[in-house]
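Some notes on the structure that comes next.
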Amino acid sequence: MAKTTTIIDIGSNSMRMVVLQKSSRFAFHLINETKSRVKISEGCYENGGNLQETPMNRAFNSLKSFLNISNSLKAKKVICVATSALRDAPNSKVFLSKVKKELGLNIKVINGEKEAYYGGVAALNLLHNDEFLTVDIGGGSTEFCFVKDGQITKSISLNIGTVRLKELFFDKGSVKEAKEYISSNLKKIFELDISIPFTVVGIGGSIRAITKAIMKDSSYPLDVLHGYTYDVDSNKSLINSIINAKDITELKKLGIKKDRFDTIKEGTFIFNTILEELNTKKVITSGVGVREGVYLCDLLRNSSHKFPSNFNISLRSLLDRFETDGNQSAYFGNNASKIFEVLKPIHNLDDKFRTLLVVASKLHSIGTTLNFYKVNDNTFNFILNGLNYDFLHTSRVIVAYTIKYSKKSLPTKKDLQGYEQLLPNLETMQWMSFMISLNLMINQDYSKPKVEYILEANTLKIILPCYSFLVESSLDKLEVPKMLELEIVCQK
């Protein structure tokens with residue numbers, strides 16, 4: 001596969017592009033994301049589904065600009081897919097032929113089931129869950145993909161998009177008819193005779209706009225949409241407020257951005273009806289969708305469209321790009337696991353914290369690529385914004401804070417202010433801080449010493465292969481959790 005690849009998705013409402021760059025066999029990162037609200041399907045549903053000239057010209061000109069960006073970023077491969085608007089339009093060949101002739105770009109029009117599958121592949125690989133139903137609300141259609149036990153079991157597409165329903169019902173004031181139309185289409189979901197998960201992974205601009213409003217309403221501390229999870233019942237009032245907003249002023253107060261004013265009420269109405277009909281309890285917001293699914297299907301074509309087990313894309317990508325020494329990172333990861341295990345009788349932490357301690361230990365130095373000084377603070381910001389995929393928000397924040405306080409002193413309650421709702425209790429964070437600090441101090445001369453750890457009562461014996469003044473002087477200044485003592489034993 002090409003090192004740099006461009007994926008373009010032509011939807012009914014928006015045209016979106018991502019440019020992704022590989023850093024190793026399976027790892028990649030985003031280097032450009034561009035969106036244009038071309039509304040290619042505008043006016044088509046009232047004209048027999050035919051694309052209108054003005055929207056087609058908008059889409060053509062946007063494609064031209066997208067390709068300029070792609071070429072400037074030296075993308076060697078461009079994949080362009082089109083969804084509902086073009087697959088439904090009787091005159092789509094007019095647009096497809098013009099693009100091929102004048103821009104040299106082949107557009108692949110995908111069917112609804114394939115579109116749903118791409119969304120499922122993206123969510124399955126880039127979110128930290130293995131059982132859910134994706135709901136991807138677009139301008140012309142909504143796609144559903146069922147995932148159970150980490151496997152895609154079924155994909156289906158229904159013609160209930162925002163632009164379609166706006167033109168057919170909402171612009172005419174036919175809200176009751178719109179509800180009946182959605183419910184009638186959703187019967188096809190129940191006819192599948194398949195278990196419907198209580199968790200929905202929401203994909204698409206309308207759902208992301210709803211999530212932003214919920215995050216604003218709850219004063220959520222982390223400005224990250226991907227992976228944000230909320231309880232449906234607890235946010236029912238806010239969802240209804242968007243649907244019932246009388247004007248733009250009310251939408252603004254709710255946190256809706258200007259580029260969503262035209263279809264957010266319709267999108268929220270569709271999503272709310274789906275949540276009610278399917279008895280959804282929890283929503284996970286996805287920042288990825290069809291574009292990433294197309295890319296992953298190409299990248300993972302020889303592995304059933306799934307990453308290898310125990311592979312984490314975000315961790316690998318950050319290490320590929322920013323680690324200073326791969327051998328040192330591996331050592332810190334292994335030593336972190338040893339320290340966690342030997343202290344388990346005292347700290348009593350769940351094994352998930354061992355995983356997070358290992359991740360933090362491997363990534364602790366990546367901030368040096370920005371600036372050696374304030375490296376912990378630099379890495380803290382890297383982690384909060386860089387662990388994009390396959391990490392819970394809580395996990396991301398715990399790793400960031402563990403690194404930030406890999407110092408001589410343990411963090412205080414005041415140090416954790418601002419992110420309390422995403423962090424465990426203070427005692428847990430103090431243990432995480434102590435264990436990573438001990439780990440870093442043991443190998444501060446980068447010699448990767450073969451250390452053994454023995455816990456006797458409340459004393460941790462650190463058995464070094466030979467005497468190290470650096471280690472001894474550093475550990476003397478290290479603040480340890482209550483009831484724990486350190487003892488250094490040198491074999492030579």
Side-chain angles (χ1 to χ4, degrees), residues 128-130 221-222 227 229 309-312 314-315 318-319 329-366 376 379-380 382-384 387 390-443 451-463 474-475 478-488:
H128 200 74
N129 294 79
D130 61 5
L222 186 63
T229 303
S309 60
N310 299 320
F311 177 83
N312 185 281
S314 291
L315 175 60
L318 287 177
L319 290 174
S329 295
Y331 175 86
F332 282 124
N334 291 331
N335 201 44
S337 187
K338 290 168 64 176
I339 292 171
F340 184 93
E341 283 302 309
V342 75
L343 289 172
K344 203 168 184 179
I346 299 180
H347 61 57
N348 293 313
L349 298 182
D350 187 273
D351 282 347
K352 71 178 181 181
F353 289 101
R354 175 179 55 196
T355 300
L356 298 179
L357 180 66
V358 169
V359 170
S361 297
K362 287 183 175 182
L363 293 175
H364 83 279
S365 66
I366 63 173
N376 285 1
T379 305
F380 176 81
F382 261 92
I383 299 304
L384 283 186
L387 285 180
D390 200 26
F391 270 89
L392 298 172
H393 281 201
T394 51
S395 299
R396 184 192 301 219
V397 174
I398 291 169
V399 169
Y401 267 93
T402 299
I403 293 172
K404 185 178 180 68
Y405 293 100
S406 55
K407 303 175 179 179
K408 297 173 184 176
S409 300
L410 298 177
T412 64
K413 188 174 182 179
K414 182 179 179 181
D415 292 326
L416 306 183
Q417 286 180 353
Y419 287 87
E420 299 97 329
Q421 64 177 288
L422 295 174
L423 289 168
N425 60 44
L426 176 61
E427 183 181 358
T428 296
M429 288 310 302
Q430 288 183 335
W431 272 110
M432 294 291 282
S433 169
F434 164 72
M435 288 187 287
I436 192 173
S437 300
L438 175 61
N439 188 12
L440 301 182
M441 288 179 179
I442 291 295
N443 188 40
V451 186
E452 293 182 26
Y453 302 94
I454 298 175
L455 183 64
E456 293 183 353
N458 289 327
T459 298
L460 177 64
K461 292 188 175 182
I462 304 167
I463 305 173
S474 296
L475 292 183
L478 179 62
E479 185 180 1
V480 300
K482 294 178 181 178
M483 305 300 293
L484 180 67
E485 294 183 2
L486 302 180
E487 179 183 335
I488 298 176

* To do: Check step by step if side-chain contact (heavy atoms from CB on, under 4.5 Å) holds for T402 and L356.
  => CA-CA 9 Å; T402 299; L356 298 179; over 6 Å; no

Sub-3.5 Å donor-acceptor pair from the side chain of [X] to the main-chain atoms of [Y], do we have one?
X: T229; Y: G227; answer: yes
X: E452; Y: I463; answer: no
X: K338; Y: V451; answer: yes
X: R396; Y: F391; answer: no
X: S433; Y: L410; answer: no
X: Q430; Y: P411; answer: yes

Say you draw a straight line from [atom1] of [X] to [atom2] of [Y]; how long is it, rounded to the nearest 0.5 Å?
X: M435; Y: R354; atom1: CE; atom2: CZ; value: 11.0 Å
X: I339; Y: L438; atom1: CD1; atom2: CG; value: 4.0 Å
X: I346; Y: L455; atom1: CD1; atom2: CG; value: 4.5 Å
X: N439; Y: N334; atom1: CG; atom2: CG; value: 9.5 Å
X: I383; Y: N376; atom1: CD1; atom2: CG; value: 11.0 Å
X: Y453; Y: I462; atom1: OH; atom2: CD1; value: 6.5 Å

Pairwise side-chain contact, [X] with [Y], heavy-atom cut-off 4.5 Å (strictly under):
X: E487; Y: E456; result: no
X: L349; Y: L357; result: no
X: F340; Y: V358; result: no
X: I403; Y: F382; result: no

* **Parallel, tilted or perpendicular, as decided by the 30° and 60° cut-offs, for the rings of Y405 and Y401** =>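 Taking Y405 first and then Y401, their aromatic rings lie parallel (interplane angle under 30°).
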
Check whether more than 12 heavy atoms from other residues, nucleotides or ligands sit under 6.0 Å from atom [atom1] of [X], and answer yes or no.
X: E420; atom1: CD; value: yes
X: K352; atom1: NZ; value: no
X: E427; atom1: CD; value: no
X: K408; atom1: NZ; value: no

* To do: Please determine if K404 forms a cation-pi arrangement with F380, meaning its NZ or CZ atom is less than 6.0 Å from the six-membered ring centre and no more than 45° off the ring axis.
  =>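 Satisfied, under 6.0 Å and within 45°.
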
* Using only heavy-atom distances, determine whether the side chains of S361 and N335 contain a donor-acceptor pair under 3.5 Å. =>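 There is no such pair between these side chains.
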
Would you name the heavy atoms of [X] and [Y] that are closest together and state the gap between them?
X: S437; Y: K407; answer: OG-O, 2.9 Å
X: T379; Y: S365; answer: OG1-C, 4.3 Å
X: P345; Y: V342; answer: CD-O, 3.4 Å

* Going through the checks in order, is the side-chain contact (heavy atoms from CB on, under 4.5 Å) test met by F353 and I398? -> CA-CA 9 Å; F353 289 101; I398 291 169; 3.9 Å; yes

* Option passing side chain to side chain contact (heavy atoms under 4.5 Å, CB included) with L460 (candidates L486, I488, I454) ->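 The residue from L486, I488, I454 that satisfies side chain to side chain contact (heavy atoms under 4.5 Å, CB included) with L460 turns out to be L486.
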
